[in-house]
Amino acid sequence: MTPSSKSEAFLEAGGHEVRISNPDKVVFPGPGLTKLDLARYYLGVADGALRGAGGRPMVLKRFVKGLTQEPFFQKRVPEGHPDFVDTATLHYARGTSAEEAVLRDAAGLAWVSNLGCLDLNPHAVRAEDLDHPDELRVDLDPMPGVDWSQIVDVAFVAREVLEDHGLVGWPKTSGSRGLHILVRIAPEWGFADVRLAAETLAREVENRAPGLATARWWKEERGESVFVDFNQNAKDRTVASAYSIRPLPDARVSTPLDWDEVRERRPEEFTVLTVPERFAEVGDPHAGIDDAAGSLDALLALAKRLGPAEKPPRAGDGAGRRVSQMPLIEVARTKTKPEALAALEQWKAAHPQVADSLHPADELLDGMRGSSSQWYRVRINLQHVPEADRPEQGALVADYDPWAGREWPGRP
């Protein structure tokens, strides 16, 4: 590193010089990690991080105002990006398109880190073939009340289902509460088939581990189980890739594991401070992932045998809205997660008898994707509240409109 001024520093990476602005700015106050520390972290694990994110178009998830503020999602690569950052133009179902960043080397990792990107969010396709994913993603998402041992049990069932259908799963911590299992596939199927294969996998995991795992898309129907999130394989979805830093106070990292580590290790062990030493000592457990590309034929054949998944009924009002099978009320819509949690506590304080009857999974906090950032919806599932004691839908504790000021056809 060659210091230039109090407000910038430069890192050498693969023959390129990468500018880091405000290098001493503290991003993670707890462990005291600065912007420069995070860029150096990515250089230290570059081989592994590029194995997960390199060569793929990515959405830039930028925490420019720090951990306490919601990030914004930037699909279009910034103008004036350096020559060592490639681009690819993605076309979305709603008719829009975006020229997104494609990282090829360690310098690109340092560059996106300088933009305020903590985690890396690549698509499941390579820039050379944007229509055929080469990765199926299994996201094991625990509902509230689910502990690590249950997540691990579901992971091993998913591994068994994959192996029974000729595929190899590569586990990593999500960097939050769950686990991801990555599956390399030959780029021979479109997004619809890949998503169908992932949904079929999820259904089969649920069939083999009833009560532990669920493939039910609607959150209020899952109970205290691990949701096998197949929709992460839809065309517009991205997932935090291997060695991504996650926006948690301890600077946790989404870390690849060997299968024999999955039961013994815990997500909180893997942080920006601990992962580089592990990487230097043991290397990348996913080093062989690109040599293990498999076929979806067996899972797609299973999809035909299982038949279509059960779909919820729709309202007969012409709007085609889904009719929930659960007694739900909406509590709040907020701009940030802390506001959503505060609104939930405010509602519970106003309804103490109802709150006493709720199970952890009855409190539904959903991060919703807006035009460029997330917003949050809070709902309550009253399934465990005696029917006579269930409150009616009332005014929202908070009513944030993520589309305020925006206009499009059909918006009143």
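Because only heavy atoms are used, hydrogens play no part in the values below, and waters and symmetry mates are left out as well, while side chains stay in. In what follows, residues are counted from 1 in the order of the sequence shown.
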Is there a donor-acceptor pair closer than 3.5 Å between any side-chain N or O of [X] and the backbone N or O of [Y]?
X	Y	answer
Asn121	Met58	no
Tyr42	Ile245	yes
Arg390	Leu382	yes
Lys235	Gly190	no
Asn381	Glu220	yes

Under a 3.5 Å cutoff, is there a donor and acceptor pairing between the side chains of Lys172 and Ser241? no
List the residues meeting side chain to side chain contact (heavy atoms under 4.5 Å, CB included) with Phe279, not counting sequence neighbours, and say none if there are none. Val45, Asp47, Tyr243, Asp284
Partner residues of Gln69 under the side chain to side chain contact (heavy atoms under 4.5 Å, CB included) criterion, sequence neighbours left out: Lys65
ring-ring contact (aromatic ring centres under 6.0 Å, His included) involving [X] - partner list, sequence neighbours excluded:
X	result
Tyr92	none
Trp170	His286
His359	His384

Is there a side-chain contact between [X] and [Y] in this structure, where contact means two heavy atoms from C-beta onward sitting under 4.5 Å apart?
X	Y	result
Leu136	Leu201	yes
Leu182	Ile289	yes
Trp375	Arg333	yes

Which of His81, Glu100, Glu99 passes side-chain hydrogen bond (donor to acceptor under 3.5 Å, both in side chains) with Thr87? It is Glu99
With sequence neighbours excluded, what pairs up with [X] under the side chain to side chain donor-acceptor pair (under 3.5 Å) test?
X	value
Asn207	none
Ser97	none
Arg62	Gln74
Arg222	none

Does the pair Asp164 and Arg208 meet the rule for a salt bridge (charged side-chain N to carboxylate O under 4.0 Å, His left out), with working shown? CA-CA 13 Å; Asp164 287 350; Arg208 298 189 189 190; 2.9 Å; yes
Quick one: sort the Phe230 and Phe227 rings into parallel, tilted or perpendicular, breaks at 30° and 60°.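 Ring orientation of Phe230 relative to Phe227: perpendicular.
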For Glu277, give me all partners under salt bridge (Lys or Arg N to Asp or Glu O under 4.0 Å), at least two apart in sequence or on another chain.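 Glu277 satisfies salt bridge (Lys or Arg N to Asp or Glu O under 4.0 Å) with no residue once adjacent residues are dropped.
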With Asp147, which residues qualify under salt bridge (Lys or Arg N to Asp or Glu O under 4.0 Å), at least two apart?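 Asp147 satisfies salt bridge (Lys or Arg N to Asp or Glu O under 4.0 Å) with no other residue.
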What pairs of residues pass the ring pair (Phe, Tyr, Trp, His ring centres under 6.0 Å) test when at least one of them lies in residues 113-146, not counting sequence neighbours?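 Those involving residues 113-146 do not exist here.
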Could you walk me through whether Glu206 and Arg203 pass salt bridge (charged side-chain N to carboxylate O under 4.0 Å, His left out), step by step? CA-CA 5 Å; Glu206 180 180 20; Arg203 292 173 67 191; over 6 Å; no
Within 45° of the axis and under 6.0 Å from the centre of the six-membered ring of Phe156, does NZ or CZ of Arg263 qualify? yes
If you apply the rule salt bridge (charged side-chain N to carboxylate O under 4.0 Å, His left out), what do you find for Arg266 with Asp250, and how did you get there? CA-CA 14 Å; Arg266 296 293 184 273; Asp250 58 359; over 6 Å; no
